[in-house]
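Worksheet: the structure to be examined is printed underneath.
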Protein chains: 2
Amino acid sequence: MRRKRSTLADVASLAGVSAVTVSRALRRPDMVSAKLHDRIQAAVRELAYVPDVAASRLASNRTHTIGVIVSSLTNGVFADYINALHDNLLPAGYQVLILSTRYSEAEEEKAIATLLGQHPEAIIIVGVDQSEHARRLLESSGVPVVQTFQLTDNPIDINLGLDQEQGAYEATKALIDLGHTRVGVIASRLDARARARLEGYSHAMREAGLDDTKWRATTPEQTTVMAGSRLLGDLIKAGNQPEAVFCCDDLLALGVLFECQRRGIKVPNQMSIIGYNNLEFAASAEPPLATVATPRYEMGRMAAEIVRKIIESGERPPNNKIDVGYTLELRGSVGRRRA
Amino acid sequence: MRRKRSTLADVASLAGVSAVTVSRALRRPDMVSAKLHDRIQAAVRELAYVPDVAASRLASNRTHTIGVIVSSLTNGVFADYINALHDNLLPAGYQVLILSTRYSEAEEEKAIATLLGQHPEAIIIVGVDQSEHARRLLESSGVPVVQTFQLTDNPIDINLGLDQEQGAYEATKALIDLGHTRVGVIASRLDARARARLEGYSHAMREAGLDDTKWRATTPEQTTVMAGSRLLGDLIKAGNQPEAVFCCDDLLALGVLFECQRRGIKVPNQMSIIGYNNLEFAASAEPPLATVATPRYEMGRMAAEIVRKIIESGERPPNNKIDVGYTLELRGSVGRRRA
DNA sequence: ATAGGAAATGACAGCGCTGTCAATTGGCCC
DNA sequence: GGGCCAATTGACAGCGCTGTCATTTCCTAT
């Protein structure tokens, strides 16, 4: 059981061939006779041989690894995105190495350094606000980098995202256009995306001549349903009960919905709610939660396609800043203002 | 920008020392004079040097990597667990390499092979029902393996989990004890854990002399809120409207809650709902969702501790089968039968 | 039957780093 | 001021694999 792992040489001697031949049989079966191939496969199975990627990487200078850095593995927002990356990279023979920054700049720098030590052939990273040091690491790595989820005029390499602020602006404006003036905002975590959305809210409010500071409840804590409930409570306790709320995430919106039910506030008659991201549950809620749908799966698919093209043919997208857009989904949780 | 990555030797020549010294300065700063250390650090920063783990692994035969295999990265069930692993392994200097099987046996075998190629120092894997081939790979790797989430009498190495069937049994029995006889069950995905829970339901029903097949709605599709809503619809459409439902996951329970609201079925007066896992939103729902709370963070923490002990001191837990238990949380979504 | 060439296989070096042991330096005591 | 030991630094080999080129084998066409 605790026997030493077998190596190429072990397989080779069991199959009665040279190590190079085994290596070829495994990587390019067409270069080896069928008979030998079978014999080698048998030896591989018998020894439960698994190639050592470290040695392979060192000899070939290829890792077949794509590094992915996300802000959180807990947050459902990144689930579709990661799935898309898996769906489009694994079948093409790439390994996907996922690291989480847990919304910390320090952890992000560490994650990038860790990743670079693995010699990924490309890096796909959430966000555009990396620290100076992180940027330098990425730039000097010489590896293609795709920054996602947000847009920036100053990408490290390639940028694929959406205008988070604009999405929030439109959501808030939709509430205002429905006649609401006491429009609140709820945000948590306060990472770059959340801050951009707060900006969008403020923009829409000020544009309509409304106070953008009066109905605001935020917390640096992580985004949870409970936080949504509590933040609505905070707003109401402060004597500023809104008639509509823009939530910077669907989880918060769900928390707000439950809190309204608890307090007997009718949605949407007495309270309109709109969230962000179009997480799976939003459409299934009762009433269905309005939201700003972000094309996360599509963004992951495109990122995968871009890095594959660059790696496999050196072909770069014509434009290094790609806007994947968003869709405002107005559902049952929002309604026109009642007298 | 596309310049070649720098190596130890580059750093060494810039700092005017030998490569070995640089290696030591980075790994064991105490073995190098302070002055040199500073000079080397400066060179490292200047060149944006990042050590090559492949070369390091080859030379030292250590990877500082713990392999983690989960069934899904989308499912919130694994989020706390992964967080616990991160919290307890990253600070100790380990890298955590997470792979997802996406509930597929074939992908699980591939993930295990991929992982072994990385020479992890231990493997933590969800579930106890690996295929024969997968078991062989794991056993012959000679690496400590911790199987989690479920219990088995025949572990590969170490087993840390809970009796999924028993949890479901107790949940169902709680509903029966509240006077309900038309007790339904809703399950999705139908992976090993879901099947164990269905078993637990059947056990409780049969024990009470009730039909365990009449109020059953399942789907092989993935676990979503929408699936919960639809499955409740299926039950009712079949003319078997239950008065209580045990859901094999909280997401399904949430879907059932929303569907009840949509259909005007009062919870808990006309319908008791109990879920599984105690996901974050369960306690915040209105009414709060009863559930079988599984100690996922604690399970991750313990798994991390076990592998660290084995790696660092060779010390194995006294028992290779550890039951972490569960807690039945009866909340507002369940109530006694009304006339 | 044999030359000629394609297909299949092998030999060898080296990827970047670290374990091991050897060499050098510096500090301290008498 | 010389000798001794500890602290610091260096030289060298080799981890397991693959790129490259050399060699052998096997056909095919004459």
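Naming: A, B, ... by sequence-line order, numbering from 1 per chain.
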Collect all protein-nucleotide pairs involving nucleotides 6-10 of chain C in which both atoms are nitrogen or oxygen and the distance is under 3.5 Å.
{"from": "C:dT9", "atom 1": "OP1", "to": "A:Ser33", "atom 2": "OG", "distance (Å)": "3.2"}
{"from": "C:dT9", "atom 1": "OP2", "to": "A:Ser33", "atom 2": "N", "distance (Å)": "3.0"}
{"from": "C:dG10", "atom 1": "OP2", "to": "A:Ser18", "atom 2": "N", "distance (Å)": "3.0"}
{"from": "C:dG10", "atom 1": "OP2", "to": "A:Ser18", "atom 2": "OG", "distance (Å)": "2.9"}
{"from": "C:dG10", "atom 1": "OP2", "to": "A:Thr21", "atom 2": "OG1", "distance (Å)": "2.4"}
{"from": "C:dG10", "atom 1": "N7", "to": "A:Arg24", "atom 2": "NH2", "distance (Å)": "2.8"}
{"from": "C:dG10", "atom 1": "O6", "to": "A:Arg24", "atom 2": "NH1", "distance (Å)": "3.3"}

Close side-chain approach of A:Asp157 and A:Arg316, heavy atoms under 4.5 Å: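 A:Asp157 reaches A:Arg316 side chain to side chain.
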Nearest-Å distance, [atom1] ([X]) to [atom2] ([N])?
X        : N      : atom1 : atom2 : value
A:Asn61  : C:dC17 : CG    : P     : 12 Å
A:Lys35  : D:dT25 : NZ    : C1'   : 12 Å
B:Leu47  : C:dG16 : CG    : P     : 14 Å
B:Arg28  : C:dT20 : CZ    : P     : 11 Å
A:Asp10  : D:dG16 : CG    : P     : 9 Å
A:His119 : C:dC15 : NE2   : P     : 13 Å
B:Ile40  : D:dG10 : CD1   : C1'   : 12 Å
B:Arg57  : D:dC17 : CZ    : C1'   : 11 Å

By side-chain hydrogen bond (donor to acceptor under 3.5 Å, both in side chains) - contacts of [X] (at least two apart):
X        : answer
A:Asn83  : B:Thr74
B:Glu109 : B:Ser131
A:Arg296 : A:Asp80, A:Thr294

5' precedence on DNA chain D between B:Ala59 and A:Val22 (nearest-nucleotide basis):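 Nearest-nucleotide comparison on DNA chain D picks B:Ala59.
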Closest-nucleotide 5' rank along DNA chain D - winner of B:Ala34 and A:Ala9: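 With A:Ala9 and B:Ala34 compared, the 5'-side residue is B:Ala34.
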B:Tyr49 side chain near C:dC17 phosphate (N/O to OP1/OP2, under 4.0 Å):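 Yes.
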Phosphate OP1/OP2 of C:dT18 contacted by B:Ser23 side-chain N/O (<4.0 Å):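 So the side chain of B:Ser23 is within the cut-off, an N or O lying under 4.0 Å from OP1 or OP2 of C:dT18.
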Which atom of B:Ala43 lies closest to which atom of B:Ala15, heavy atoms considered: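 Smallest heavy-atom distance, with atoms named: CB-CB, 4.1 Å.
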Evaluation steps, side-chain hydrogen bond (donor to acceptor under 3.5 Å, both in side chains), between A:Ser71 and A:Arg193: CA-CA 11 Å; A:Ser71 311; A:Arg193 261 104 39 224; 2.9 Å; yes
Ionic contact status for A:Glu298 with A:Arg301, cut-off 4.0 Å: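 A:Glu298 and A:Arg301: salt-bridged.
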Stepwise side chain to side chain contact (heavy atoms under 4.5 Å, CB included) test for B:Met302 and B:Met299: CA-CA 5 Å; B:Met302 288 174 72; B:Met299 196 159 53; 5.9 Å; no
Degree of bending in the helix from C:dA1-D:dT30 to C:dC30-D:dG1 once both end axes are built from five pairs, to 10°: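 Answer for the end axes of this duplex: 30°.
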ring-ring contact (aromatic ring centres under 6.0 Å, His included) partners for B:Phe149, two or more places apart: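 ring-ring contact (aromatic ring centres under 6.0 Å, His included) check on B:Phe149 returns B:Phe78, B:Tyr81.
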Out of C:dC17, D:dC17, D:dG16, whichever nucleotide has its closest atom nearest the side chain of A:Leu58: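 The answer is D:dG16.
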